[in-house]
Q: 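Structure provided below as structure tokens; questions to follow.
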Amino acid sequence: MADPSSYRPKPGQIPDTPGVYRFRDEHRRVIYVGKAKSLRQRLASYFQDLAGLHPRTRTMVTTAASVEWTVVSTEVEALQLEYSWIKEYDPRFNVKYRDDKSYPYLAVTMNEQFPRVQVMRGQKKKGVRYFGPYGHAWAIRDTVDLLLRVFPVRTCSAGVFKNATRTGRPCLLGYIGKCSAPCVDRISADDHWELADEFCDFMTGRTGTYLRRLEKQMMEAAEEMEYERAARLRDDIEALKKAMEKNAVVLADATDADLIAVAEDELEAAVQIFHVRGGRVRGQRGWVTDKVEDVTTGALVEHALQQLYGEERGDSVPKEVLVPALPDPVEPVQEWLTGHRGSHVSLRIPQRGDKKALMETVERNAQQALVLHKTRRASDLTTRSRALEEIAEALDLVSAPLRIECYDISHLQGDDVVASMVVFEDGLQRKSEYRRFQIKSFEGQDDVRSMHEVITRRFRRYLAEKERTGEWVDEEPDGGPGQDPGDLGQGLKDDEGRPKRFAYPPQLVVVDGGQPQVAAARRALDELGIDDIAVCGLAKRLEEVWLPDDDDPVVLPRSSEGLYLLQRVRDEAHRFAITYQRTKRAKRFRAGPLDEVPGLGETRKQALIKYFGSVKKLRTATIDQICEVPGIGRKTAETIAAALARAAPPAPAVNTATGEIIEDEEPDTTAGPPGDPVTAGAPEERPGQET
């Protein structure tokens, strides 16, 4: 625990101007970001007598080891910089709203030649009209299904659309009248775009125009005795009214507004937002946060506004934002919102009438959300705390291991040996900090040597970076399918304190295994001079916990929450290691002779196969013929010919019933077989072969 006086700035050093400040811990990781109208006055409040500080503020200043600040010109600039740094550094002591899901939006891709109506989540895209958010995706589909009777806009994917264009036959929606079928030219691109624009107009609340138009057409059809057409129009009107009923009118003046309510206690706060467009509630969402700092309701509102509108521009920011309490001061926040919208935004507390009544409804939802969250979390939080305490007691640790790292080795009969590292903080997974390793120092199966290598590499880099900058250099992030597993060290950024870093060591290292693996891990740490990290192993057979230099294991009760947490950590490391090992194995099984050609990427491989039709025909081609492929020079052609000459052709296929040799083209080995490439080409695996 640090003494705040040890890093307190000298008198006169702090400027009396607006700015943003950052507290860092001993490992140089940013733990708190704040803004102030006067940096001198605000920072001075942190360095008073500890007994006078709020408990959470006291924890923050004693965890910190340094403070730094950046001067800006105005409070609006301070607000913008604070938001940017909170997003960038993810400080542990700042208010962070935990959104338990990505809310779905009804999206219309107006940036395409033939706009499409679909459900979208995540980051918003330019040129796409969004409506919502909705609580459930099925609510969007129900609404769209009703509106397609009147606005038969395309809803199919790009693949379905292209296939219908190629075959000249529309999909089922085209046949039943719920799609205008632009794929087969039943409607022109311009007319379809106007239809999508009308769909958007209806969703924004301009419903009266379309209802009156349909009613007029229905009456005209009835007068002309076109009763079937009149009946269809009648059904269309009913469909529109039913869709409108799903979003009842709550504000009679067709207001566009967001209403934000906060329910809080000493430890947590729940935020609920109602999105009202055209006087109707178009969407609802909510967050819950731990109050890790002494924060007022106005400050909670300010943080919610930053999260809601930090990435939004234009009409996504409504004209009016109604809140239960105003930030202090309110002018910079209102100016910031106005800048994001491009026109004036009213930020105020509703005092009377319909808006006050609706705010009370939002507040009731926030209260219910907080009660529900506390009911769900109470047992979970208590269980995690008890599990960490039991682990600390069983392993004779000084304190509960708030950060646990677990390592596992995986291979298939000695091939494709890899390792995984998973991280649990406060008993919860931190998937952004998972890492995976390839075993490089030797070949074959040796779990003990593999464990020693992995632990050495992880903590050697930690020590080197700690000595240089106090920052951890990544091994290999938990990347997606397209990432090269051997590309270690990617994703390193220049600045300090970002969340996806290993800026400090764990309190406990867990290895998947017994005495030999534990001894290897302890030996690796001793060789690096690290003696303040506890090590244990969890053996699968009897779920025994092994400690270094102990001949007898620690046996935790089967009902122990500590044992259950260690099992979860171990199983997660095992899952992550096997996933990586199977990815490498599948890639090796899919490899063909063209993979041996240095500098030949996927694009030119596909070009060669497309030009010749198969590897068999490419094998018989001359160098001059290979040079005819676009992008292939003579030197590359010579290398390709030499590689194919070295690679033995596959054995011919034989019809087992007749003994006849089946003449067939050699398959394309640059792309894997359909289905699972491992199970399609590998012998059957049995439990226990993968470790």
Side-chain angles (χ1 to χ4, degrees), residues 18-23 30 32-39 41-43 45-46 54 56-57 60 69-70 72 74-99 257-275 285-313 316-341 344-350 359 362-363 366 369-370:
V20 182
Y21 54 92
R22 291 173 290 182
F23 281 90
V30 175
Y32 184 75
V33 173
K35 64 173 176 59
K37 182 178 181 179
S38 170
L39 286 170
Q41 295 179 12
R42 177 61 58 83
L43 289 178
S45 67
Y46 291 103
H54 189 279
R56 297 175 190 82
T57 306
M60 188 272 290
W69 56 85
T70 299
V72 296
T74 65
E75 294 180 65
V76 177
E77 290 183 18
L79 185 68
Q80 293 172 336
L81 184 58
E82 180 195 32
Y83 170 74
S84 299
W85 279 355
I86 290 175
K87 292 285 287 185
E88 181 177 5
Y89 294 117
D90 190 25
R92 58 181 290 196
F93 285 99
N94 276 93
V95 170
K96 295 184 290 292
Y97 292 109
R98 299 190 299 272
D99 194 354
D258 284 350
L259 290 87
I260 302 173
V262 178
E264 57 183 312
D265 58 18
E266 292 183 355
L267 300 176
E268 296 175 309
V271 176
Q272 283 286 310
I273 303 100
F274 276 25
H275 302 275
R285 64 197 306 182
W287 295 299
V288 179
T289 180
D290 293 324
K291 295 172 66 174
V292 293
E293 56 175 321
D294 185 14
V295 61
T296 64
T297 303
L300 288 171
V301 169
E302 181 178 319
H303 289 302
L305 293 173
Q306 287 179 318
Q307 177 153 332
L308 274 172
Y309 307 118
E311 307 294 334
E312 304 293 345
R313 294 294 186 275
S316 296
V317 182
K319 297 178 181 179
E320 195 172 3
V321 180
L322 306 177
V323 296
L326 294 174
D328 184 24
V330 67
E331 290 79 11
V333 179
Q334 188 161 325
E335 186 177 343
W336 178 74
L337 290 172
T338 298
H340 278 246
R341 176 176 170 81
H344 178 70
V345 175
S346 173
L347 178 63
R348 63 186 184 87
I349 303 172
M359 175 61 78
V362 184
E363 289 174 350
L370 181 61

Q: Could you grab the distance from atom NZ of Lys319 to atom NE2 of His344, nearest 0.5 Å is fine?
A: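 Taking NZ in Lys319 and NE2 in His344, the distance rounds to 11.5 Å.
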Q: Roughly how far apart are Asp328 CG and Lys37 NZ, rounded to 0.5 Å?
A: 9.0 Å
Q: Assess whether side-chain contact (heavy atoms from CB on, under 4.5 Å) is satisfied between Arg348 and Leu322, documenting all intermediate values.
A: CA-CA 5 Å; Arg348 63 186 184 87; Leu322 306 177; 3.9 Å; yes
Q: To the nearest 0.5 Å, what is the distance between NE2 on His275 and CG on Leu259?
A: 10.0 Å
Q: Rounded to the nearest 0.5 Å, what's the gap from CD on Glu82 to OG1 on Thr70? Could you check?
A: 12.5 Å
Q: If you look at every heavy atom in Ala304 and Val271, which pair is closest and at what distance?
A: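 In terms of heavy atoms, the two residues are closest at CB-CG1, 4.2 Å.
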Q: If every non-hydrogen atom of Gly298 is compared with every non-hydrogen atom of Ala325, which pair is closest and at what distance?
A: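 Minimum heavy-atom separation between Gly298 and Ala325: N-CB, 4.1 Å.
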Q: Check whether any side-chain heavy atom of Leu347 lies under 4.5 Å from a side-chain heavy atom of Leu305, and answer yes or no.
A: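 Counting from C-beta outward, Leu347 and Leu305 do come under 4.5 Å.
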Q: Given 3.5 Å as the limit, does a donor-acceptor pair link the side chain of Arg341 with the main chain of Val317, or not?
A: yes
Q: When you measure from the side chain of Arg42 to the backbone N and O of Lys35, does any donor-acceptor pair fall under 3.5 Å?
A: yes
Q: Can you tell me how far OH of Tyr32 sits from CD1 of Ile86, rounded to the nearest 0.5 angstrom?
A: 7.5 Å
Q: Which heavy atom in Ala261 sits nearest to a heavy atom in Ala366, and how many Å separate them?
A: O-CB, 4.1 Å
Q: When you look at Leu79 and Glu335, which way does the side-chain contact (heavy atoms from CB on, under 4.5 Å) test go after all the steps?
A: CA-CA 10 Å; Leu79 185 68; Glu335 186 177 343; over 6 Å; no
Q: What's the shortest heavy-atom distance between Ala269 and Leu300, and which atoms?
A: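 Distance-wise, the nearest heavy atoms are CB-CD1, 3.7 Å.
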Q: Looking at every heavy atom in both Met359 and Pro324, which two are closest together, and how far apart are they?
A: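 For Met359 and Pro324, the tightest heavy-atom pair comes out as CE-N, 4.3 Å.
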Q: When you look at Tyr89 and Asn94, which way does the side-chain contact (heavy atoms from CB on, under 4.5 Å) test go after all the steps?
A: CA-CA 10 Å; Tyr89 294 117; Asn94 276 93; over 6 Å; no
Q: For the side chain to side chain contact (heavy atoms under 4.5 Å, CB included) test, which of Val333, Leu326, Val323 pairs with Val301?
A: Val323
Q: Are Trp287 and Ile273 close enough that some pair of their side-chain heavy atoms sits under 4.5 Å apart?
A: yes
Q: In Å and rounded to the nearest 0.5 Å, what is the OH to CZ distance from Tyr46 to Phe23?
A: 6.0 Å
Q: When you measure from the side chain of His340 to the backbone N and O of Tyr309, does any donor-acceptor pair fall under 3.5 Å?
A: yes
Q: For Glu75 and Pro18, work out which heavy atoms get closest and say how close.
A: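 Shortest heavy-atom separation between Glu75 and Pro18 comes out as N-CB, 4.5 Å.
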Q: Would you check, one step at a time, whether the test side-chain contact (heavy atoms from CB on, under 4.5 Å) holds for Val30 with Trp85?
A: CA-CA 9 Å; Val30 175; Trp85 279 355; over 6 Å; no
Q: Just wondering, do Tyr21 and Leu43 contact through their side chains at under 4.5 Å, heavy atoms?
A: yes
Q: So, using side-chain contact (heavy atoms from CB on, under 4.5 Å) as the criterion, who are the partners of Tyr83 when residues are at least two apart?
A: Lys87, Gln306, Glu311
